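The sequence lines fix the lettering, A, B, ..., with proteins before strands; numbering per chain opens at 1. Computed from a predicted model, the values in this text were never measured in an experiment.
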There are 2 protein chains.
Amino acid sequence: MERMQIAIENLKAHGGRITHARKAVLQALVTAKTHVTAEDLLNIVQKQFPEVHISTVYRTLDALEKLGVVDHVHLGHGKAVYHLTDNSHQHIVCEMCSSVEEVPYQLFTELQSNLKEKYGFQMRMNHFAVIGKCRRCLKESGSTRPSSSTH
Amino acid sequence: MERMQIAIENLKAHGGRITHARKAVLQALVTAKTHVTAEDLLNIVQKQFPEVHISTVYRTLDALEKLGVVDHVHLGHGKAVYHLTDNSHQHIVCEMCSSVEEVPYQLFTELQSNLKEKYGFQMRMNHFAVIGKCRRCLKESGSTRPSSSTH
DNA sequence: ATCTTTGCAAACTTTTTGCACCAAT
DNA sequence: ATTGGTGCAAAAAGTTTGCAAAGAT
């Protein structure tokens, strides 16, 4: 409710209109919290408003992204995932089983300062995924299907 | 020449066949060295072999990727970029001007060990991009077009 | 001779866009 | 009343696939 209100005010402040679809997308984002695809959001939203179209979801996400409320990441092949901007974590994605785990952004702060210091580059937390192999797949390595890899 | 030979032997060793197209793609990769799209490669290859089709490029890249010779990254929206695996660097991508800079992988080794230690996750170097704002855009910040953002 | 790779066209997946209508302010 | 948002259908953009023919071993 809290976070929704902020986003809604933000939208209004920029001349945006508050529609059922937008509220529902926002609500879905707040609830889902992390790595949902546009399609995921659509499915959630359509439970309440079946007539909402995927293009509306994309356009809403676009609008929210321009306001800085939402961000998205390309975890690999396929769909992008969206989330509210202040979920401070990074994603580690297993290239064997495609699992996604969240790790605290603190692990990345040193990298962040190094990039800033040495390259003048201001790294954006939360906007990329680290690819590799997860604990489980490493253990079973070889025995398991490299299946639908994420890269 | 060197690196091409290694890749070629690798291909042969796995029952692969050495074709004009494959040699040309490999050559293009060796020459281009970094962040080329499948289409870039196609253009290069077609200078020598105009009949080569984009699907051949993709299939060649797939094959090379399975051998560990090639890797690809999704730098953001749009096309993936491919490169030979032993270019030990990471990419930092500016979300304002879309410029790509390479930084030595050493900056990432600590993160790598942390992820291994704390999460059992074996991070793959070279397979993701760090998004943020480059020095120049930070300086001009606001004054410049956020143009074709990479995210 | 065998089995892989190729070119082509067509399918597929994800995202974007044009347009006429609808709805929020 | 005005302007921005929506649904739809169709296009785009990037990549993958089925197939018959060509090519590498």
Looking only at non-hydrogen atoms, find the nearest pair between Val69(A) and Leu26(A) and report the distance.
CG1-CD1, 4.5 Å

Which of parallel (below 30°), tilted (30 to 60°) and perpendicular (above 60°) describes Tyr82(B) and His72(B)?
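Answer is tilted, since the angle falls between 30° and 60°.
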
When the distance from [atom1] of [X] to [atom2] of [N] is rounded to whole Å, what number comes out?
{"X": "Ile54(A)", "N": "dA9(D)", "atom1": "CD1", "atom2": "P", "answer": "15 Å"}
{"X": "His53(B)", "N": "dG14(D)", "atom1": "NE2", "atom2": "P", "answer": "15 Å"}
{"X": "Leu42(B)", "N": "dA13(D)", "atom1": "CG", "atom2": "C1'", "answer": "15 Å"}
{"X": "Gln46(B)", "N": "dC8(C)", "atom1": "CD", "atom2": "C1'", "answer": "13 Å"}
{"X": "Asp62(A)", "N": "dG4(D)", "atom1": "CG", "atom2": "C1'", "answer": "15 Å"}
{"X": "Arg22(A)", "N": "dG4(D)", "atom1": "CZ", "atom2": "P", "answer": "11 Å"}
{"X": "Leu61(A)", "N": "dT15(C)", "atom1": "CG", "atom2": "P", "answer": "10 Å"}
{"X": "Lys23(B)", "N": "dA24(D)", "atom1": "NZ", "atom2": "C1'", "answer": "11 Å"}

In terms of the nearest nucleotide of DNA chain C, which residue is placed more toward the 5' end: Thr37(A) or Leu11(B)?
Leu11(B)

Quick check: does any side chain N or O of [X] sit under 3.5 Å from a backbone N or O of [Y], one acting as donor and the other as acceptor?
{"X": "Thr56(B)", "Y": "Val52(B)", "value": "no"}
{"X": "His14(B)", "Y": "Gly16(B)", "value": "no"}
{"X": "Gln112(B)", "Y": "Met123(B)", "value": "yes"}

Start at the 5' end of DNA chain D and walk down; is the nucleotide closest to Ile18(B) or to Ala38(B) reached first?
Ala38(B)

Need to verify one output field. Residue with the more 5' nearest nucleotide on DNA chain D, Tyr58(B) or Arg17(B)?
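Residue closer to the 5' terminus by nearest nucleotide: Tyr58(B).
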
Is the distance from OP1 or OP2 of dT6(C) to the nearest side-chain N or O of Thr19(B) less than 4.0 Å?
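Yes, because at least one side-chain N or O of Thr19(B) sits under 4.0 Å from OP1 or OP2 of dT6(C).
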
Below the 4.0 Å mark, does dG7(C) have OP1 or OP2 next to a side-chain nitrogen or oxygen of Thr56(B)?
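For dG7(C), OP1/OP2 do have a side-chain N/O of Thr56(B) under 4.0 Å.
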
Side chain of Ser55(B) - closest among dT16(C), dT25(C), dT17(D)
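Nearest listed nucleotide: dT17(D).
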
Using a 4.0 Å heavy-atom cut-off across all strands, classify Ala63(B) as base, sugar-phosphate, or nothing.
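If one applies the 4.0 Å heavy-atom cut-off, Ala63(B) turns out to touch nothing in the nucleic acid.
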
dG18(D) base / Arg59(B) side chain donor-acceptor hit below 3.5 Å
yes

